[in-house]
**Q** 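Here you go, one structure.
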Amino acid sequence: MEKIALLVGKRLEREFYQKPTIKVSKELLGKYLVRKINKKLLIGRIVETEAYIGPQDKAAHSFNWRISKRNIIEYAQGGYIYIYLVYGMYWQLNIVTSSAGRPECVLIRALEPITEEKDIRIASGPGKLCKWLKLDSSFYAKDLSQSRDIWVAEPPKAYAKIDKRQIVAAKRIGIDYAKEWKDKLWRFYLKSSPAVSKK
DNA sequence: GTACAGATTGAG
DNA sequence: TCAATCTGTACT
């Protein structure tokens with residue numbers, strides 16, 4: 001409360017994430033990702049997401065019910081963090097969605113910094129945002145509805161409204177191997193944001 | 001055990 | 001256009 005309420009609104013509850021993955025992917029746009037490091041807050045507005053809907057989605061790690069030490073958290077109920085390393089050097093922040101037993105998630109692809117930053121594009125990509133917020137394997141399986149150092153919040157009232165016409169649906173990035181699934185319009189971003197990736 | 005490609009990025 | 005860098009996955 002107090003001062004923090006001027007910056008961010010209420011934390012999203014577990015139920016928010018337990019809806020269909022496409023719906024959650026769109027509704028996350030405009031929400032604030034809050035990260036607390038040594039009592040300091042880093043806040044980014046979510047401006048780009050991607051839906052991964054295993055086991056039918058060939059681009060998903062959970063395709064064909066694949067399950068491993070890496071992706072097992074995808075099988076939990078919505079609201080947990082699924083984070084993994086790609087290309088040997090970049091962490092990718094995902095949020096588990098839907099209900100237990102359905103291995104689906106949303107990749108958070110870009111943030112627009114709300115707290116003061118020199119570079120508006122400091123988090124304009126999935127690898128970049130994890131670097132900015134210092135996210136790594138230690139965040140694996142954290143509960144966003146409970147954790148004290150990372151959560152998603154409603155924006156302050158004045159910024160709460162997202163015009164549906166601002167939301168663009170596009171093909172997902174970096175999954176050309178996924179046959180017909182690569183053409184699904186499961187990437188969502190806010191048209192006017194300067195922080196969307198690949199600009 | 002070994003090979004190989006990947007939900008990316010920034011430099012040239 | 002390309003290398004960095006390392007783990008999961010699919011084979012031998």
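Note on naming: letters A, B, ... go to the chains in the order of the sequence lines (proteins, then strands), and numbering restarts at 1 for each one.
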**Q** Please report the distance, rounded to the nearest Å, between OH in A/Y90 and P in B/dA5.
**A** 20 Å

**Q** Applying side chain to side chain contact (heavy atoms under 4.5 Å, CB included) between A/F16 and each of A/R11, A/E154, A/K31, report the one that passes.
**A** A/K31

**Q** Are there any protein N/O atoms within less than 3.5 Å of an N/O atom in nucleotides 8-10 of chain C, and if so, which ones and at what distance?
**A**
{"from": "C/dT9", "atom 1": "OP2", "to": "A/S68", "atom 2": "OG", "distance (Å)": "3.1"}

**Q** To the nearest Å, give me how far apart CD (A/E74) and P (B/dA7) are.
**A** 12 Å

**Q** For this output row, return yes or no: ring centroids of A/Y84 and A/Y82 closer than 6.0 angstrom.
**A** yes

**Q** What's A/C130 touching, base or sugar-phosphate or nothing? Going by heavy atoms closer than 4.0 Å.
**A** nothing

**Q** On a plain distance test, is the side chain of A/Y177 in donor-acceptor contact with the base of B/dA5 below 3.5 Å?
**A** no

**Q** Taking atom C1' in both C/dT7 and B/dG10, what distance in whole Å separates the two?
**A** 22 Å

**Q** Going by distance alone, is a donor N or O of one side chain under 3.5 Å from an acceptor N or O of the other, for A/Q77 and A/S99?
**A** no

**Q** For a 4.5 angstrom cut-off between non-hydrogen side-chain atoms, does A/V34 reach A/I150?
**A** no

**Q** In whole Å, what is the span from the CD1 atom of A/I83 to the P atom of B/dT8?
**A** 14 Å

**Q** Can you tell which of A/Q166, A/K161, A/R165 makes a side-chain hydrogen bond (donor to acceptor under 3.5 Å, both in side chains) with A/D163?
**A** A/R165

**Q** Using atom P in both nucleotides, what's the gap between B/dA5 and C/dC2 to the nearest angstrom?
**A** 16 Å

**Q** A side-chain contact here means heavy atoms from C-beta on lying under 4.5 Å apart; do A/R35 and A/D149 qualify?
**A** yes

**Q** Please check if the side chain of A/R172 supplies one atom and the backbone of A/E50 the other of a donor-acceptor pair under 3.5 Å.
**A** no

**Q** Calculate the interatomic distance between A/R109 atom CZ and B/dT8 atom C1'; express it in whole Å.
**A** 8 Å

**Q** Could you please name the partner base of C/dC6, counting Watson-Crick and G-U wobble pairs only when both distances are under 3.5 Å?
**A** B/dG6

**Q** Please tell me if A/K128 has a side-chain N or O lying less than 4.0 Å from either OP1 or OP2 of B/dG10.
**A** yes

**Q** Quickly work out the A/R187 CZ to B/dT8 C1' distance and round it to whole Å.
**A** 13 Å

**Q** OH of A/Y87 versus C1' of C/dA4: gap in Å, rounded?
**A** 12 Å

**Q** How many Å lie between NZ on A/K182 and C1' on B/dG6, as a whole number?
**A** 17 Å

**Q** Check every strand shown and say whether A/I173 touches a base, only sugar-phosphate, or nothing at a heavy-atom separation below 4.0 Å.
**A** sugar-phosphate

**Q** Which is true for A/Q92 with a 4.0 Å heavy-atom rule: it touches a base, it touches only sugar-phosphate, or it touches nothing?
**A** sugar-phosphate

**Q** Between atom CD in A/E48 and atom P in B/dT8, what is the gap in whole Å?
**A** 10 Å

